[in-house]
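What follows is a short report on a single structure.
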Amino acid sequence: MNKGYASLKDILLLFIYLELGAMIGVYFKTHILPVQFLIFIAITALSRHLVIDVQQVSDLFHLYLLLGISGAIAILSGALYILTYTARKYGRLEDGH
């Protein structure tokens, strides 16, 4: 608030808070905690870390760190795709299927 403007770091943190709020809202309405929301939060947190730290890549360790974070985002995205695909094809347990 003292800066007078929001930085990219603050905006990305806001997205994490919004996703947490959405997840809590869904939980209180349905009493079910969807795993997809947790994966969305993890992807957003890793993306925030990647965007903020990409400016500080100076040595080989940081390069491997960034590649590891990118790989983790890809794995989480694949898991999200699999969860969505199987939920559409076979139904969800919470839907009574």
Side-chain angles (χ1 to χ4, degrees):
M1 294 296 275
N2 293 334
K3 291 189 291 186
Y5 63 92
S7 66
L8 180 62
K9 190 176 185 178
D10 299 330
I11 293 170
L12 292 173
L13 187 61
L14 176 70
F15 282 124
I16 293 173
Y17 289 146
L18 288 173
E19 289 175 5
L20 279 171
M23 182 182 69
I24 291 168
V26 167
Y27 175 75
F28 281 124
K29 284 183 183 177
T30 62
H31 298 290
I32 296 169
L33 187 64
V35 175
Q36 285 93 343
F37 279 102
L38 296 173
I39 294 175
F40 286 140
I41 292 169
I43 289 172
T44 305
L46 287 171
S47 301
R48 178 180 181 267
H49 186 63
L50 186 66
V51 168
I52 301 304
D53 287 345
V54 79
Q55 301 164 357
Q56 301 172 359
V57 174
S58 59
D59 58 358
L60 198 57
F61 173 75
H62 282 84
L63 178 63
Y64 287 132
L65 178 67
L66 293 177
L67 288 174
I69 292 170
S70 300
I73 291 172
I75 290 170
L76 287 171
S77 299
L80 190 61
Y81 174 76
I82 291 170
L83 283 172
T84 305
Y85 174 76
T86 56
R88 285 188 184 155
K89 184 165 181 150
Y90 302 110
R92 299 182 188 132
L93 290 176
E94 59 264 16
D95 294 336
H97 292 99

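Along the sequence shown, residues are numbered consecutively beginning with 1. Any value given below was found using the heavy atoms of this structure, including those in side chains, with hydrogens, waters and symmetry copies removed.
In this structure, Ile75 has no side chain to side chain contact (heavy atoms under 4.5 Å, CB included) partners at least two apart in sequence or on a different chain.
The list of side chain to side chain donor-acceptor pair (under 3.5 Å) pairs with a residue in residues 68-82, not counting sequence neighbours, is empty.
In this structure, CG on Leu65 lies 5.0 Å from NE2 on His49, to the nearest 0.5 angstrom. In this structure, the separation between CD1 on Ile39 and CG on Leu83 is 5.0 Å, given to the nearest 0.5 Å. Here CD1 of Ile43 is found 11.5 Å from CG of Leu38. Values are rounded to the nearest 0.5 Å.
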Anything under 3.5 Å between a donor and an acceptor, one on a side chain of residues 9-16, the other on a protein residue two or more places apart or in another chain? List them.
{"residue": "Asp10", "atom": "OD2", "partner": "Ser7", "partner atom": "N", "Å": "3.4"}
{"residue": "Asp10", "atom": "OD2", "partner": "Ser7", "partner atom": "OG", "Å": "3.1"}

Taking only distance into account, with no hydrogens and no angle test, what donor-acceptor pairs under 3.5 Å do side-chain atoms of residues 18-29 form with protein atoms, sequence neighbours excluded?
{"residue": "Glu19", "atom": "OE1", "partner": "Ile41", "partner atom": "N", "Å": "3.3"}
{"residue": "Glu19", "atom": "OE1", "partner": "Thr44", "partner atom": "OG1", "Å": "3.1"}
{"residue": "Glu19", "atom": "OE2", "partner": "Thr44", "partner atom": "OG1", "Å": "3.0"}

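What you find for Leu80 and Gln36 is that their closest heavy atoms are CD1-CG, 3.5 Å.
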